[in-house]
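Right, one structure below, let's go through it.
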Amino acid sequence: MQQAVLSSVQPRAPQPDRLAAGERVAVRLRGQIKGNVYTDPLMTYAWSGDASSYRLIPAVVVFVNSEDEVRAVFQAARAEGLPVTFRAAGTSLSGQAVTDGVLAVLGDGWRKLAVHPDAAQITLGPAVIVAEANRALKPFDKKIGPDPASQATCKIGGVVNNNSSGMCCGVAQNTYHTMARLRIMLTDGTMLDSGDPASRDAFRLSHAAMLEQLHQLHHEVMADAELAALIRKKYRIKNTVGYSLNALVDYHDPLDILVHLIVGSEGTLGFVSEVTYNTVPEHPFKATGLIPFPDPQSAGRAIIEMANGGVQVTTGITAAEYIERRALATVEHLAPMAPLLPWLTENSPAVLIDVTAPDADTLAAEIAKAEALLARHGATHIDLSTDEHRSHALWDIRKGFFTSGGAARPKGTSMLTEDVAAPIERLAEFVLDMRKLLDDHGYDDAIIFGHALAGNLHFQMSDNFSQPGAAEKFDVFNQELSELVSVRYGGSLKAEHGTGRAIAPFVEAEWGGKAYAFMHRIKAIFDPEGLLNPGVLLNDDKKIHVKNLKVMPLADEVVDLCIECGFCEPACPSHHMTLTPRQRIAVTRERARLRETGEDPARLARFEADFQYAGMDTCAACNLCSLRCPVGIETGTLIMSERAKRRGDAARSVARFAADHRGAVETMMRGGVAIADAARTIVPAPALEALTDTARRLTGKRVPRVSRALHHGPGAPRPRDTRQDPRKTGFPVPIAQSGRPQIVYFPACPSRMFGAPKTEHNLLATPEAMMVLLERAGYEVIVPEHLNGQCCGQPFQSKGFPEQAAMVGDALMAQLSADSDAGRLPIVTDASTCAKHLNGLSGSAVADSPQFLVEQVLPRLTVTQTLPSLAVHHNCSAQRLAEQPMTEAIARACADEVAVLSSITCCGYAGDKGLFVPELNAHATRRMAQDIPEGCALGVSTVSTCASGLTEHGGIPFVSLASLLEWATR
């Protein structure tokens, strides 16, 4: 038995008949699907995992963007006998978003977001990220009810289909209770819009038999008083085990029953293409505190009183997150935890509390009540603060437990997580019993935390499923967990993560045979063919929860930390184009496993070859993924290391030559762009681009493209005639003392080589604008001599030549150190990428232009003219330097309205990728037009190459901050 179980955890390609069926589905969809369709080994493996501990390799991956495309997928899959699974963000924790059939991934076509009058409602497409919806509602002090910890990543489609809740949501504010309308497609292709009377009437006629069956289920349940009482009891606490049987007791109209059964059905009954939520208040006044207690019992008793008898409130204590001592130990090193450490003993849990109110006076009264409650139950340190920064920091810790705890697991192990709930009045004893169960089964690294007001506890632990006995151990644990939660406590084995494959074998044990039979009848009414997500939620295989488990082979120091949660993905410019950071890591692990086992050399060779473009060429190496990752994994650093390993002797020779002759290289590049600029005055730009595109095809894309938005740069600025600079006078000390402070300004090579587009404002080029600004602010400016070819080394680093990067960077730092008198004088540069790289080198600190301009220059100047509106892009290095507030401060000084490009993270230009892999830049900026206000005629970025790509795809010119600020202060 052991061998049979263990063999099932190895990630294997679909069987040949499934592969052939997948290929036939792809052929059938040709011409009907605008998005990508993948059947190759690399891309299907990349989409084989979600955030759960399961992996299934799909036979075909299809990107869908419209209801017509969903119909086409249903028809093609049905014809070839393959099931269909829909995937939004892939943050599912119970294995709902993986399949060995057709994986239908939601593309950009499902990003509708419309706020209704007074923000009482909001209509959303299933591909909208929860945090995006809440950002749109924030100006109205509203939000949607569900608030999962993954809300910065998870999407509405998953939230509806899992009936997700979260930290403040409780039972009353989940999708089931707060949705006003659903738009649903059934497997026969019929569309039902529950908010459209005409659609409802048409559906009643076309699907009268289906509705009658649902009506019959309702009457049968209501006639069984015992079953109806069980259903009502089960939904007094959080519960996502099985189908939403409460629809059969809450509603009489079978159409309303149908709509509410879809919620929480995990994609097994139909496809949700749109939802309208009734919004809930998001009070602007809030106090937060992480409150320690002497023991779990006292914390539990306090939470029972806070829970207010299970009645959801929007004023007062609206959130209380229980965090046990072992969980706190995994985050003790983080700065926001420091004030709490003196109050923690070996057994001290803490409760993270939010107190909210509509106004300051009410908040003060609610804080007083909360403090009295906490004191009554023995809280050892009560500190409720209205500091918004501190509140965000504490909640970031809580939201990151899944991944930070995962990073602390032994390398090579999988992260396992469950979420359970018990009646709130038994919470204190439930916490202790859960801890004992974990310890008894040897999960010593397990931690417990959760949404205490709803009686909901999460726990996570790790195990290595490549080791003998691990799957069997996990099986026995799950059996006893089911007995503890479902039977002894009458609780929910899945409170909010959905049933998935993880709990499917235990649904009947929790609900009983009678209710379980109703669930099978529901599935048969909606999906008699078993087309949608079979094996999820209902499964006759009592061991499915220990099959298809992920293995996490050791692959790299960076990779080994990752638990594949997917939190990184929204930040990646190649997301939905090729691979994401999570997928690059998953594929890297599989390549390492194949190399180690030697089991499939042909498959490994295909992976290695295809990874070049999908994994490396289209990785911007911006490392914005690390800002989303709670443990800071830099996948870009992994890819740069991989590039270095793949560089051959010829490539290294070219890099050495370029490093040794970088002045000539800069002159050549600037000259090449100048020639292209001149050519466009003779040859029409489209014709010139067509010629270079032909050359690129013939040379395997080794020739850079010609972009009409890329212009030749100004070169180094003219040095000012000053008697202050000893290099000019020959004297060891200045001849004259001007009384002006000195500063060293390094014009970065992108600013020297590439210029900005012409605008009606007659803007100066970045280097000249910086010189004028610094002098206008009263500085004596020192520019390094022999600037041609001076470089920070970052371009060599990103291309996989670390030795040349170090040599070039060290040479520049030596010059800057000499010019600044070993750092006595401040140094400023004008490109965020260069500032970021230079500050990673040893030597003098280098300020980036946004920081220096807002702190030292803008206060000394007078703004004399402003723009009506201005678009602002925060490039990847600026984000990693946390420069957003500085950039926006300058933008607000120069414009009446500032629009931040929220649809873009990294623009994908990535140095020269805009020239050699232009499709990455086009993909990353594909939605930027929606961020630019009508009438806006100018934008800013802090890197000239990024500005070029933004200009090309945004439809307005993008310039540097310095150029704009110089104009505004003339």
>> Any non-hydrogen side-chain atom of Glu634 less than 4.5 Å from a side-chain atom of Val558?
In response: no
> Does any N or O in the side chain of Asp295 come within less than 3.5 Å of the main-chain N or O of Ser348, such that one atom is a donor and the other an acceptor?
Replying inline: no
> How about Phe465 and Phe474: are their ring centres within less than 6.0 Å of each other?
Replying inline: yes
> In Å and rounded to the nearest 0.5 Å, what is the CD1 to NE2 distance from Ile503 to His497?
Replying inline: 11.0 Å
> What's the verdict on side chain to side chain contact (heavy atoms under 4.5 Å, CB included) for Ile585 and Ile633, showing C-alpha distance, side-chain angles and the deciding distance?
Replying inline: CA-CA 10 Å; Ile585 285 173; Ile633 295 173; 4.2 Å; yes
>> According to ring pair (Phe, Tyr, Trp, His ring centres under 6.0 Å), who are the partners of Phe449, at least two apart in sequence or on a separate chain?
In response: Phe401, His458
>> Closer than 3.5 angstrom, by distance alone: can the side chain of Arg589 be matched with the main-chain N or O of Arg584 as a donor-acceptor pair?
In response: no
> What is the minimum heavy-atom distance between His177 and Ala172, and which atoms define it?
Replying inline: CB-O, 3.1 Å
> Does the side chain to side chain contact (heavy atoms under 4.5 Å, CB included) test come out yes or no for Leu269 and Tyr243, once each step is laid out?
Replying inline: CA-CA 10 Å; Leu269 302 182; Tyr243 288 116; 3.5 Å; yes
> Would you say Lys542 has more than 12 foreign heavy atoms packed within less than 6.0 Å of its NZ?
Replying inline: yes
> How about Ile303 and Ile424: do any of their side-chain heavy atoms sit closer than 4.5 Å?
Replying inline: yes
> Nearest heavy-atom pair of Asn347 and Pro349: which atoms, and what distance?
Replying inline: O-CD, 3.1 Å
> Has Lys473 got its NZ or CZ under 6.0 Å from the middle of the six-membered ring of Tyr443, at an angle within 45 degrees of the ring axis?
Replying inline: yes
>> So, taking the atom named CG in Asp445 and the one named CG in Asp463, what distance separates them when rounded to the nearest 0.5 Å?
In response: 8.5 Å
> Does Arg593 pair with Glu590 as a salt bridge, N-O distance under 4.0 Å?
Replying inline: yes
> Is the shortest distance from a Lys or Arg side-chain nitrogen in Arg426 or Asp433 to a carboxylate oxygen in the other one below 4.0 Å?
Replying inline: no
>> Any non-hydrogen side-chain atom of Asp440 less than 4.5 Å from a side-chain atom of Leu437?
In response: no
> Going from NZ on Lys514 to CG on Leu230, what distance comes out if it is rounded to the nearest 0.5 angstrom?
Replying inline: 9.5 Å
> What orientation do His520 and Tyr516 show, parallel under 30°, tilted 30 to 60°, or perpendicular over 60°?
Replying inline: perpendicular
> With Asp439, which residues qualify under salt bridge (Lys or Arg N to Asp or Glu O under 4.0 Å), at least two apart?
Replying inline: Arg326, Arg435
> Any donor-acceptor pair under 3.5 Å linking the side chain of Ser482 with the backbone of Asn478?
Replying inline: no
> Short question: side chain of Thr99, backbone of Gly101 - any donor-acceptor pair under 3.5 Å?
Replying inline: yes
> Is the backbone N or O of Ile231 less than 3.5 Å from a side-chain atom of Asn246, with the two atoms forming a donor-acceptor pair by type?
Replying inline: no
> Are Leu427 and Tyr322 close enough, and set up right, to give a side chain to side chain contact (heavy atoms under 4.5 Å, CB included), and what steps lead you there?
Replying inline: CA-CA 10 Å; Leu427 180 65; Tyr322 178 85; 5.8 Å; no
> Between Glu569 and Arg628, is a salt bridge (Lys or Arg N to Asp or Glu O under 4.0 Å) present by the stated rule, with each step listed?
Replying inline: CA-CA 8 Å; Glu569 291 187 333; Arg628 298 288 188 114; over 6 Å; no
>> Closer than 3.5 angstrom, by distance alone: can the side chain of Glu510 be matched with the main-chain N or O of Val241 as a donor-acceptor pair?
In response: no
> What's the spacing between Asp147 CG and Met167 CE if we round to 0.5 Å?
Replying inline: 5.5 Å
> Can you check side-chain hydrogen bond (donor to acceptor under 3.5 Å, both in side chains) on Ser164 and Asn162, steps first, answer last?
Replying inline: CA-CA 5 Å; Ser164 306; Asn162 292 313; 4.6 Å; no
> Nearest 0.5 Å, what's the CG-CG distance between Leu481 and Leu484?
Replying inline: 6.5 Å
>> Restricting to non-hydrogen atoms, name the atom on Thr153 and the atom on Gly566 that form the minimum distance, rounded to 0.1 Å.
In response: CG2-O, 3.3 Å
> Under the side chain to side chain contact (heavy atoms under 4.5 Å, CB included) criterion, do Glu418 and Val485 qualify, and how do the steps go?
Replying inline: CA-CA 12 Å; Glu418 296 295 347; Val485 176; over 6 Å; no
> Nearest 0.5 Å, what's the CG-OG1 distance between Leu554 and Thr413?
Replying inline: 9.5 Å
>> Keeping Ser492 on the side-chain end and Lys238 on the backbone end, is there a donor-acceptor pair under 3.5 Å?
In response: yes
> Between the side chain of Arg325 and the main-chain N/O of Thr345, is any donor-acceptor distance below 3.5 Å?
Replying inline: yes
> Which pair of non-hydrogen atoms, one from Met415 and one from Ser53, has the smallest distance, and what is that distance?
Replying inline: O-CB, 3.9 Å
>> For the CD atom on Glu429, are there more than 12 heavy atoms of other groups (residues, nucleotides or ligands in this structure) within a distance under 6.0 Å?
In response: yes
>> So which atom in Ser165 and which in Gly170 form the shortest heavy-atom distance, rounded to 0.1 Å?
In response: CB-O, 3.8 Å
> When you look at His545 and Asp475, which way does the side-chain hydrogen bond (donor to acceptor under 3.5 Å, both in side chains) test go after all the steps?
Replying inline: CA-CA 8 Å; His545 60 295; Asp475 182 20; 2.8 Å; yes
> With side chains defined as the heavy atoms from C-beta onward, is the minimum distance between Trp511 and Lys234 less than 4.5 Å?
Replying inline: yes
> When you measure from the side chain of Thr240 to the backbone N and O of Lys494, does any donor-acceptor pair fall under 3.5 Å?
Replying inline: yes
> What are the two closest heavy atoms between Pro581 and Cys625, and how far apart are they?
Replying inline: CG-CB, 3.6 Å
> Is the shortest heavy-atom distance from the side chain of Lys411 to the side chain of Glu557 under 4.5 Å?
Replying inline: yes
>> Within the structure provided, determine whether Leu290 and Ile397 are in side-chain contact (heavy-atom separation under 4.5 Å).
In response: no
> Is any side-chain heavy atom of Ser92 less than 4.5 Å from a side-chain heavy atom of Ser52?
Replying inline: no
> Quick one: does Pro146's side chain get under 4.5 Å of Val130's, heavy atoms only?
Replying inline: no
> Are any side-chain N or O atoms of Tyr54 and backbone N or O atoms of Ala97, one a donor and one an acceptor, separated by less than 3.5 Å?
Replying inline: no
